[in-house]
Amino acid sequence: MRRSDRRSRPARQRLGNVVAQKHEGSRMSGLRERLGRLRSESVSQQSQPPASLEEEKIADATDQEGESFAVPKAFRSIGVAQKETEFGSFLLRKIEYSFPYRHGTHELADLHGCSPFLQPIAFRQNKKDEVIAPEHLLFLDTETTGLGVGTGNVPFMIGFGYITETAFVVEQTLIRHPGEEKAMLSYLLGHMKNKSHLVTYNGRTFDWPVLTNRFILNGWRKSGADPGHIDFLHPSRALWRTTLPSCRLSTVEVERLGIQRGEDVPGSLAPALYFQYLSDGNPDHLHGVYTHNEKDILTLASLCVHFGLLLSGRNDAEIIEASESEELFRTASWLEQHGEAILAERLFDRLGEREVIGEGGWSLALAARFKRSGQYARALPLWKKASEYAEAATAPKLDAHVELAMYFEHRDKRLDMALHYAEKALELALRRARLISDAKKRREEKEALQRRVARLREKISRASERKS
DNA sequence: ATAGACGTGCCTGTCAGATC
DNA sequence: GATCTGACAGGCACGTCTAT
């Protein structure tokens, strides 16, 4: 089906029902009460089945044939149909996003040009230099009954996406009971056959281990190496850990990819909504989960374009323009770490030219980088700017002054300047002491600076004695 | 709730330079 | 040349954070 918003009830209302019922459940004091409640609900359902569902089944059996037999209208309304395999059946939803299709700020058709640049962040055993082809990527997101990766956690919905010449396609599988799991997994395996890399968010730690366990429990033996993997959690953290309130996918997509979901069921509610569906058979509970999973997959594709562009160096100007210094520094460091030294250097250069130095640690970190590579002439102005900033701050950092003291003592050999910065650092340390609660740390810091000042004074006096 | 990846901070060992 | 001190890199332990 083509993308359309045909939700039968506002997600908020469904969400409210679940929350209300959870709250009610928490008041239950004992197991007997809960069992009693379940029993009475079950009886009431048997005596008074939801009219709409019964009608749907009848309608289904008469107006649908083959694949969709017995699929309730509330599923069919969002494009869900039954899929048959040699291992049995499960439910499948397929959505095509014809190009051009923009998800947030990125055009998904750009995956075609961006994918090869993702190689430095892709993990694949024994195939390090392999070129990543866009049509070999499988974007994956599962909805499971819990958070653990043990055998008790069941993926009830597997969403995956892939690119074709003309569209980005999302497919979502759903099992109505555990007996359908093997069919669902076999369908996923079929789609993994011609793919080289999974694309996920924390999927190396979560989705893939969960699925691996389910494959084993369903009788598949592990053969060969794991598929390649591009997991965007860690690159996202590398760039945005200090500038975003969190690096959850939902935060990243709003703050950095320009995506607004509107009403969205949080992933944490997915297990409860699935249990609601299992308990009363009403597909409406899962509409929000379908939408959530679908959007997660689209966001993965958008992340792919974002990082692909970053690694290609094609959007340097935009990044430099839009990024605050801290983020620009982290981006450059990340590029350097992934072997993109020339791209990184370009960003470091622009950063060094920036006049304003704020509270973030980027200026000192950049100076430290220049120092490590012996580029003292580039480190010096950064230390000086940072020292001026520190002197004006209420809770000053001493690092820049200490670095300057070391530089003038050991490199520039101007002991008077070294003493000046050491004394200034000591002065700042005494001013800052009131703000540090750790008494031991405060004392050690002060004593180290006093030793430095004393040593420099002695060195200066010896030098002047020698001259005279 | 669960497990793994990664960043941070601390500790230790090594090396280089300064001093006697 | 011997000794001392400071700088720095590497390793380890621990804490944080993410997925549902």
Side-chain angles (χ1 to χ4, degrees), chain A residues 18 121 123 140-159 198-214 229-242 244-253 264-275 286 288-290 292-293 296-297 299-300 303 330 333-334 337-338 361 364-365 368-369 371-374 376 379 399 402-411 413 415 418 422 438 440-441 444-445 447-449 451-456 458-463 465-466:
Chain A
V18 172
I121 57 169
F123 175 84
L140 179 77
D141 183 46
T142 62
E143 307 303 322
T144 68
T145 55
L147 266 188
V149 292
T151 52
N153 193 17
V154 180
F156 62 85
M157 180 182 285
I158 300 174
L198 298 175
V199 182
T200 62
Y201 204 77
N202 201 26
R204 266 189 79 191
T205 308
F206 183 71
D207 302 73
W208 184 242
V210 168
L211 286 172
T212 302
N213 281 338
R214 302 316 298 180
H229 212 132
I230 301 173
D231 186 337
F232 282 117
L233 169 63
H234 304 295
S236 300
R237 277 191 178 153
L239 262 57
W240 301 311
R241 195 163 43 83
T242 52
L244 289 183
S246 87
C247 285
R248 308 164 78 98
L249 187 60
S250 54
T251 307
V252 165
E253 68 176 16
D264 184 43
V265 169
S268 57
L269 275 185
L273 289 162
Y274 184 60
F275 287 133
L286 294 176
V289 181
Y290 269 111
H292 170 84
N293 179 265
D296 273 1
I297 291 161
T299 297
L300 284 175
L303 269 174
R330 296 191 76 87
S333 302
W334 180 80
Q337 212 179 340
H338 287 89
L364 286 170
R369 185 187 166 276
K371 181 186 175 183
R372 265 198 303 279
S373 57
Y376 286 91
D399 309 47
V402 173
E403 289 293 349
L404 284 164
M406 276 159 45
Y407 168 77
F408 281 113
E409 180 185 355
H410 300 294
R411 298 278 151 188
K413 311 283 183 190
L415 296 177
D438 187 339
K440 184 173 171 248
K441 197 175 173 186
E444 285 173 356
E445 181 182 82
E447 287 171 358
L449 286 167
R451 277 198 302 276
R452 186 182 294 276
V453 168
R455 187 172 52 77
L456 282 165
E458 256 183 63
K459 214 169 173 178
I460 288 170
S461 92
R462 276 197 304 270
E465 276 170 23
R466 250 181 266 133

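Note: hydrogens, waters and symmetry copies are ignored here, and every other heavy atom, side chains too, is used.
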(request) Specify the separation, in whole Å, of atom NE2 of His229(A) and atom P of dG4(B). (result) 15 Å
(request) Starting at atom CZ of Arg241(A), determine the distance to atom P of dC17(C), rounded to an integer number of angstrom. (result) 9 Å
(request) Check the distance between dA7(C)'s C1' and Glu409(A)'s CD and give it to me in whole angstrom. (result) 11 Å
(request) Starting at atom NE2 of His410(A), determine the distance to atom C1' of dA16(B), rounded to an integer number of angstrom. (result) 10 Å
(request) Round to the nearest Å and state the distance from Leu239(A) atom CG to dG7(B) atom C1'. (result) 15 Å
(message) Heavy atoms only, 4.0 Å cut-off, all strands: where does Arg455(A) land among base, sugar-phosphate and nothing?
(response) sugar-phosphate
(request) Using a strict cut-off of less than 4.0 Å between a Lys/Arg side-chain nitrogen and an Asp/Glu carboxylate oxygen, indicate whether Glu409(A) and Arg455(A) qualify as a salt bridge. (result) yes
(message) I'd like to know whether the aromatic ring centres of Tyr274(A) and Phe156(A) sit less than 6.0 Å apart in this structure.
(response) yes
(request) Using a 4.5 Å cut-off on heavy atoms from C-beta on, say whether the side chain of Thr251(A) contacts that of Trp240(A). (result) no
(request) Examine the side chains of Thr200(A) and Asp207(A) and answer whether a donor and an acceptor come within less than 3.5 Å of each other. (result) no
(request) Please determine, for the side chain of Tyr201(A), which listed nucleotide (dT18(C), dC8(C), dT20(C)) has the closest atom? (result) dT18(C)
(request) Find the distance His234(A):NE2 to dG4(B):P and express it as a whole number of Å. (result) 12 Å
(message) Does dA19(C) have OP1 or OP2 under 4.0 Å away from a side-chain N or O of Arg237(A)?
(response) no
(request) To the nearest Å, give me how far apart CG (Leu404(A)) and P (dA7(C)) are. (result) 13 Å
(request) Rounded to the nearest 0.5 Å, what's the gap from CZ on Arg214(A) to OG1 on Thr151(A)? Could you check? (result) 7.0 Å
(message) Tell me whether the side-chain N/O atoms of Lys371(A) come closer than 4.0 Å to OP1 or OP2 in dA7(C).
(response) no
(request) For Asp296(A), answer base if it contacts any base atom (sugar-phosphate contacts may also be present), sugar-phosphate if it contacts only those atoms, and nothing otherwise; contact means non-hydrogen atoms under 4.0 Å. (result) sugar-phosphate
(request) List in numerical order all residues of residues 245-253 of chain A for which some heavy atom is under 4.0 Å away from an atom belonging to DNA chain C. (result) Ser246(A), Cys247(A), Arg248(A), Leu249(A)
(request) Quick one: do Tyr290(A) and Met157(A) satisfy side chain to side chain contact (heavy atoms under 4.5 Å, CB included)? Show the steps, please. (result) CA-CA 8 Å; Tyr290(A) 269 111; Met157(A) 180 182 285; 3.6 Å; yes
(message) For the residue pair Thr145(A) / Asn153(A), report whether a side-chain donor-acceptor contact shorter than 3.5 Å exists.
(response) yes
(message) With a 4.5 Å cut-off on side-chain heavy atoms, are Asp296(A) and Tyr201(A) touching?
(response) no
(request) Mark yes when over 12 heavy atoms from residues, nucleotides or ligands other than Arg248(A) sit less than 6.0 Å from its CZ; otherwise mark no. (result) no
(message) Whole angstroms only, please: what is the CG-P distance between Leu456(A) and dA18(B)?
(response) 13 Å
(message) Return the CZ to OG distance between Arg241(A) and Ser236(A), rounded to the nearest 0.5 Å.
(response) 12.0 Å
(request) Determine: side-chain N/O of Arg204(A) to OP1/OP2 of dA3(B), distance under 4.0 Å, yes or no. (result) no
(message) Heavy atoms from C-beta onward define the side chain here; which of dT20(C), dT19(B), dT18(C) lies closest to that of Lys459(A)?
(response) dT19(B)
(request) Using a cut-off of strictly less than 4.0 Å between a heavy atom of the residue and any atom of DNA chain B, enumerate the qualifying residues of residues 141-157 of chain A by number. (result) Leu147(A), Gly148(A), Val149(A)
